[in-house]
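Take a look at the structure below.
Throughout, protein chains are lettered first and strands after them, A, B, ... in sequence-line order, and every chain is numbered starting at 1. None of the values given here were measured: they were computed from a predicted structure.
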Amino acid sequence: MNYWLVKSEPDVYGYDQLVAEGRGRWDGVRNYQARNNLRAMKLGDLCFFYHSNIGLAVVAVARVAKEHYPDPTAEKGDWSCVELEPVKPFVRPVTLAEIKAHPDLQQLLLVRNARLSVMPVSSDEFSTILTMGETQL
DNA sequence: GCCAACGTTGGC
DNA sequence: GCCAACGTTGGC
């Protein structure tokens with residue numbers, strides 16, 4: 001089992017929308033590092049759902065419902081997408097400020113590379129953030 | 001709305 | 001292959 005964090009602007013595609021749809025295609029990634037992370041996702045892997053720009057917080061857990069395949073929104077180039085399904089909203093959103101302030105989360109790519117939209121999370125980091133969100137799976 | 005950080009492009 | 005210019009992302 002691997003863990004991930006994916007970013008989305010909530011006014012473009014928020015967690016509520018994923019819940020409403022039941023399953024969502026994670027497409028539109030046009031960054032090689034992020035794409036390679038998408039390709040490494042396995043069915044059943046868990047992802048934090050982070051709201052960028054508005055909210056600036058991890059708000060929920062989602063699960064990989066379908067492994068990578070060619071992104072149908074890409075007109076050219078070698079891009080991939082996956083499908084995600086909602087698992088559980090956080091009882092309490094964990095803000096970027098809290099993550100930046102936590103001594104055990106300094107290695108998180110969310111802190112170190114603000115522009116990466118799909119990133120791996122270690123199992124320790126995953127449980128730390130889940131606990132901060134007062135959430136159990 | 002501004003700007004820092006980062007990635008990509010293209011001239012040389 | 002280097003690097004300046006440019007575009008985009010995302011926090012503030």
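For Asn53(A), the side chain to side chain contact (heavy atoms under 4.5 Å, CB included) criterion is met by Glu9(A), not counting sequence neighbours.
Nearest approach of Tyr69(A) to Glu83(A), heavy atoms of both residues: OH-OE2, 2.7 Å.
Ring geometry for Phe48(A) against Phe126(A) counts as parallel: the plane angle stays under 30°, on a 0 to 90° scale with 60° as the upper cut.
Counting heavy atoms of neighbouring residues, nucleotides and ligands inside a 6.0 Å radius, atom OH of Tyr32(A) does not exceed 12 of them. Around the CD atom of Glu134(A), the shell of radius 6.0 Å holds more than 12 heavy atoms that belong to other residues, nucleotides or ligands.
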Heteroatom pairs (N/O) under 3.5 angstrom, protein to nucleotides 1-4 of chain C:
none

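Exactly one residue among Leu18(A), Thr135(A), Val61(A) makes a side-chain contact (heavy atoms from CB on, under 4.5 Å) with Val87(A). That residue is Val61(A).
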B/S/- contact track for nucleotides 7-12 of chain C, protein heavy atom under 4.0 Å: BBBBBS
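Counting only N and O atoms by type, the side chains of Asp45(A) and Trp4(A) include a donor and acceptor under 3.5 Å apart.
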